[in-house]
Amino acid sequence: MSEPQIKGWCPGALRPMASGDGLVVRVRARGGRLAPAQAVALADLARRCGNGLIDLSARANLQLRGIGEETYPEVLAGLGALGLLDRDAQAEARRNVLVSPFGPADDAARVLADDLAKALADATDLPLPGKFGFAVDGGPVPLLRGISADVRLERAGHDLWRLHAEGSDRARCVASPDAVAAALDLARWFLATGGVQEGRGRMAAHIARGAALPDGFAEPVPLAPPFLPHPGPVAEGYLVAFEFGQVDADTLALLGEIGPIRLTPWRMVLVETQGTLPDAAALLTRADDPRLRVSACTGMPGCLQAQAPVRDLARALAPHVPTGRHLHVSGCAKGCAHPGPSDIVLCAGEEGFGLTHRATAARAAAMPPIAPARLLAHPDLLVQETDAPRL
């Protein structure tokens with residue numbers, strides 16, 4: 001099996017990434033919010049300039065797929081007119097801020113996240129790695145712990161935030177007026193103490209190597225229960241999911257016509273409406289939908305690094321995944337669609353799919369291959385936990 005190429009950066013609007021179906025253009029909506037007109041216009045761009053498919057990323061961003069080299073300038077012009085472009089690719093990459101989608105539209109967390117994003121865009125002295133990110137968690141309990149981030153700001157009380165570095169069990173409490181500067185100072189400490197190696201680096205790995213945090217980080221980081229949202233009505237509107245976290249342009253436009261949209265890191269969107277959603281096949285609105293038990297990357301032919309098509313297999317196996325468990329089907333060992341461990345993992349290789357449990361795609365890639373036809377004929381293999389050959 002050929003080794004996948006790890007690029008160490010994510011696509012943007014100003015720095016798109018080439019894939020098997022054209023350019024991938026990532027749109028970082030400010031505060032993770034889209035006004036109805038923005039959603040409808042983005043859908044139109046996806047139709048006219050790409051293949052009409054839009055990915056929802058684990059950082060609450062959108063990715064327009066299948067953008068052609070000849071239509072890319074039109075995409076940039078459209079994004080600029082919608083207020084969705086940064087001044088340059090470096091500012092865009094630094095502005096990697098995730099904020100909880102719940103709460104009032106004008107709550108303190110969103111204001112803080114907006115201020116942090118603006119400060120990061122202006123911080124030309126912060127050459128952070130491409131995947132380095134920030135999270136602002138403003139609820140009574142943290143909801144974003146399960147989402148990748150390097151610097152976290154979590155509400156600790158009225159006008160008070162808990163700042164902590166991913167990988168550490170100690171934090172520092174800061175007042176709201178000081179929170180943005182404190183978060184940037186922690187990022188500068190990361191750079192100054194060797195957190196970046198060969199252009200890459202993450203906070204948790206830096207802490208694991210023994211880096212000692214600056215003075216003042218003495219507050220214990222409280223434990224938080226796992227947060228696993230499901231589609232359905234919530235106080236702010238309606239959470240809706242999509243098969244494999246991908247929405248087509250017509251469906252995005254349909255949702256935009258209903259109300260403002262909040263993007264989430266769970267590959268769902270929150271539509272601000274107190275009504276019901278239309279009965280459309282593309283909308284996953286029930287928590288017990290079997291398609292929510294599987295994740296799968298683009299696979300062949302859409303991804304240049306994938307070893308095989310994956311989504312048809314994942315779709316066929318979904319009804320056989322036990323309730324309460326999750327199957328990840330990956331086109332290569334990188335596991336982009338689900339980087340962390342999953343209950344059941346299939347990873348494509350040249351001769352079939354490696355199968356393992358409670359692990360990542362990289363582990364599954366090292367397992368003996370099983371032909372897709374055998375998996376489809378014997379889906380019970382998914383729950384047979386053994387590392388013995390299954391040819």
Side-chain angles (χ1 to χ4, degrees), residues 7-18 23-35 38 41-42 45 49 54-64 67 72-101 109-136 144 147-153 163 165-166 177-192 195-203 206 262-263 265:
K7 298 187 177 182
W9 55 280
C10 296
L14 294 167
R15 191 189 183 192
M17 184 178 286
L23 296 177
V24 176
V25 176
R26 177 172 289 191
V27 180
R28 295 185 175 182
R30 301 183 190 280
R33 312 293 174 97
L34 291 174
Q38 288 178 313
L42 279 174
L45 281 175
C49 302
I54 303 163
D55 293 333
L56 305 173
S57 86
R59 293 289 301 176
N61 299 309
L62 296 177
Q63 295 184 161
L64 309 185
I67 302 299
Y72 175 59
E74 185 178 349
V75 171
L76 286 184
L79 293 178
L82 294 171
L84 295 173
L85 273 188
D86 291 88
R87 65 173 176 268
D88 56 50
Q90 293 73 32
E92 177 184 61
R94 287 192 302 272
R95 190 176 58 82
N96 190 3
V97 180
L98 175 65
V99 61
S100 171
R110 185 181 181 191
V111 172
L112 177 56
D114 287 346
D115 290 345
L116 178 58
K118 292 172 185 174
L120 283 166
D122 292 336
T124 56
D125 65 324
L126 278 177
L128 293 168
K131 292 183 178 292
F132 195 96
F134 299 75
V136 179
L144 302 178
I147 307 300
S148 175
D150 297 273
V151 175
R152 298 183 184 273
L153 282 164
L163 171 69
E166 186 78 344
D178 305 319
V180 168
L184 266 59
D185 284 346
L186 185 55
R188 292 188 177 96
W189 166 86
F190 169 80
L191 293 172
V196 179
Q197 299 180 3
E198 298 181 351
R200 299 175 185 168
R202 299 301 300 269
M203 183 68 80
H206 190 44
R262 304 185 189 187
L263 307 176

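Everything quoted here is computed from the prediction, not taken from an experiment.
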With sequence neighbours left out, what residues match [X] under salt bridge (charged side-chain N to carboxylate O under 4.0 Å, His left out)?
| X | value |
| --- | --- |
| D185 | R188 |
| D55 | R65 |
| R28 | none |

Results of side-chain hydrogen bond (donor to acceptor under 3.5 Å, both in side chains) for [X] - residues two or more places apart only:
| X | value |
| --- | --- |
| R26 | Q63 |
| D122 | R87 |
| R95 | D86 |
| R30 | none |

With sequence neighbours excluded, residues passing side-chain contact (heavy atoms from CB on, under 4.5 Å) with [X]:
| X | answer |
| --- | --- |
| R33 | A105, R110, R262, E272 |
| A89 | L14, R15 |
| A13 | V25, L79, L85, E92 |
| P73 | none |

Quiz item: CG/L191 to CG/L186 distance, rounded to the nearest 0.5 angstrom?
Solution: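 Going from the CG atom of L191 to the CG atom of L186 covers 10.0 Å.
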Quiz prompt | Pairwise distance CG(L144) to CG(L98) - rounded to 0.5 angstrom | solution =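 Reported value, rounded in 0.5 Å steps: 5.0 Å.
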Quiz item: Are the side chain of R152 and the backbone of A135 linked by a donor-acceptor contact shorter than 3.5 Å?
Solution: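 Between the backbone of A135 and the side chain of R152 there is no qualifying donor-acceptor contact (under 3.5 Å).
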Self-check item: Backbone of A119 reached by a side-chain donor or acceptor of R94 within 3.5 Å
Solution: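 Flag not set: sc R94 to bb A119 has no pair under 3.5 Å.
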Exercise. Could I get the full list of ring-ring contact (aromatic ring centres under 6.0 Å, His included) partners for F134, not counting sequence neighbours?
Key: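 ring-ring contact (aromatic ring centres under 6.0 Å, His included) check on F134 returns F132.
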Practice problem: Would you indicate whether the side-chain heavy atoms of L263 and N61 approach each other to under 4.5 Å? | Solution: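 Result no, sub-4.5 Å side-chain heavy-atom pair not found.
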